[in-house]
> 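Got a structure for you, questions after.
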Protein chains: 2
Amino acid sequence: MGRWEPNAGGRLARAALVLSAEKGYEATTVAEIAAAAGVTERTFYRYFPDKADAVFPDNRELLVVLAGVVEDASRTGQSPLDAALVAVHRLATYASEEPERARLSAMVIPSVPALAGRELVRQRQTSEALSGGLAAAGVPRLEAQLAAESALAVWRVAVAEWARDNWSQPLPEVVTATAEAARTLNRG
Amino acid sequence: MGRWEPNAGGRLARAALVLSAEKGYEATTVAEIAAAAGVTERTFYRYFPDKADAVFPDNRELLVVLAGVVEDASRTGQSPLDAALVAVHRLATYASEEPERARLSAMVIPSVPALAGRELVRQRQTSEALSGGLAAAGVPRLEAQLAAESALAVWRVAVAEWARDNWSQPLPEVVTATAEAARTLNRG
DNA sequence: AATGTGATGTCAGAATCTGACATCAGAGAG
DNA sequence: CTCTCTGATGTCAGATTCTGACATCACATT
């Protein structure tokens, strides 16, 4: 055993999300989060570059996975847009694996501008991962970017629909339905 | 004449952008911006809720205009997506009216996470304005949201292309070309 | 047993942002 | 013309975020 309780980063992330849900993100200070996790404020900043990052799970691995998914889908002959939508569906499945966390995040993030901005930056990284995967499968750059952005557009609308429904339906199903609606829109 | 130079807000906004372009946004302190504008730091915060807002022009009026544009376009019988693209083209025209400011913003914003987040929040507001305009013209909500998000996807890709080209071509033309590419993508 | 390493603590400080109160030129009331 | 009020700005204090520099000490290595 170490000199301190292990998994300080995990305790900090959990404390950040729980406290933010309880009393609001902005009303929660880093000092409180650190105290709840049993460390000092300085240690918090050794695990997270800033306060917002504590409520966002690190998803760099996920981006790599998604890039691979979209690349494979594209190689099987699906259109760039369909391939990107496969990856978005995978993203929904991933989010569904921790439904409680997803729901908490969905409730906390939109009401806080700083977090909303961070979330959108993350979406942009996702977009880049998707277009990168398509490009790796040989799709021309412009086409790849458009497909990725269009798929993310479906994602945003789907998440909004999901919230409108008080998060009652499974997110992957909402994504599938929204993607179908988008297809109809583009054909009509 | 008042007791102080008039247009303190304008001087602050200009100073914020110029200083950020010169030495970087994060390296520019609010105290410096205020000093350059000839006011105190406290006065800065009377004009802008935070530092990031000083480099973003207030565009609430523009959003209203765009909603009107898309509503009119929709009423003339254009498809929701085409109507939304008309509004995006208008947005490009608007940005072109102050090309130097647009270029400065394009150079400063993407490299600063805090500003990038703010920019994306603004895009979401634009998306809501567009889908609102479509809804006002009788387009069903889901369809309106998808059209708005798809049009904004075109906008994002177009701005990226514009930057890739070192901002040499007029933005409205880049938007038109990108929209055409998107149409081809959806048909193919 | 000596030494090194790494996670954490401690301390100081810059920068952002907010609340409370003071100041004073000019506008309007009388 | 004088009085008063208003509104923009200044002044001051303080909470909070975030960073750099150095100290500590259980555990691992040798």
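No hydrogens, no waters, no symmetry mates; every other heavy atom, side chains included, goes into these values. Chain letters run A, B, ... following the sequence lines, proteins first, then strands; residues in each count from 1.
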> Rounded off to whole Å, could you give me the CG-to-C1' distance for the A/Asn7 and C/dG6 pair?
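Whole-Å distance recorded here is 17 Å.
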> So is A/Lys51 actually on top of A/Phe44's ring, under 6.0 Å and inside 45° of the axis?
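So A/Lys51 doesn't make the cation-pi contact.
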> Could you check whether atom CZ of B/Arg101 has more than 12 heavy atoms from other residues, nucleotides or ligands sitting under 6.0 Å from it?
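For B/Arg101, atom CZ is crowded (more than 12 foreign heavy atoms under 6.0 Å).
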> Once each nucleotide of nucleotides 2-10 of chain D is scored for protein heavy atoms under 4.0 Å, what B/S/- sequence comes out, 5' to 3'?
-----BBBB
> Starting from P on C/dA15, measure out to CZ on B/Phe44 and report it in whole angstrom.
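Between P of C/dA15 and CZ of B/Phe44: 15 Å.
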> Before accepting this row, confirm whether a basic side-chain N of the pair B/Asp58/B/Arg122 lies closer than 4.0 Å to the acidic partner's carboxylate O.
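Looking at B/Arg122 together with B/Asp58, the answer is no, because their closest N to O distance does not fall below 4.0 Å.
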> How many Å lie between CZ on B/Phe48 and P on C/dT18, as a whole number?
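About 14 Å, once rounded to whole Å.
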> Which whole-number value in Å describes the distance from B/Lys51 NZ to C/dA14 C1'?
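So the two atoms are 12 Å apart, to the nearest Å.
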> Can you measure A/Asp53 atom CG to D/dT17 atom P for me and round it to whole angstrom units?
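The distance from CG of A/Asp53 to P of D/dT17 comes to 14 Å, rounded to the nearest Å.
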> Take atom CZ in A/Arg11; do more than 12 heavy atoms of anything else shown fall under 6.0 Å from it?
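More than 12 heavy atoms, drawn from other residues, nucleotides or ligands, come within 6.0 Å of this atom.
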> Find the distance A/Leu19:CG to D/dT16:P and express it as a whole number of Å.
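Spelled out: CG on A/Leu19 to P on D/dT16 is 14 Å.
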> Between atom OH in A/Tyr45 and atom P in C/dG13, what is the gap in whole Å?
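Result: 19 Å.
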> Within this structure, what is the OH-to-C1' distance between B/Tyr25 and C/dA15, rounded to whole angstrom?
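That distance rounds to 12 Å.
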> For residues 143-150 of chain A, tabulate all N or O donor-acceptor pairs below 3.5 Å that involve a side-chain atom, not counting sequence neighbours.
| unit_1 | atom_1 | unit_2 | atom_2 | d |
| --- | --- | --- | --- | --- |
| A/Glu149 | OE1 | B/Arg156 | NE | 2.9 |
| A/Glu149 | OE2 | A/Ser127 | OG | 3.1 |
| A/Ser150 | OG | A/Leu146 | O | 2.7 |

> B/Val175 and B/Val88: which non-hydrogen atoms are nearest, and at how many Å?
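So the minimum-distance heavy-atom pair works out to CG1-CG1, 4.0 Å.
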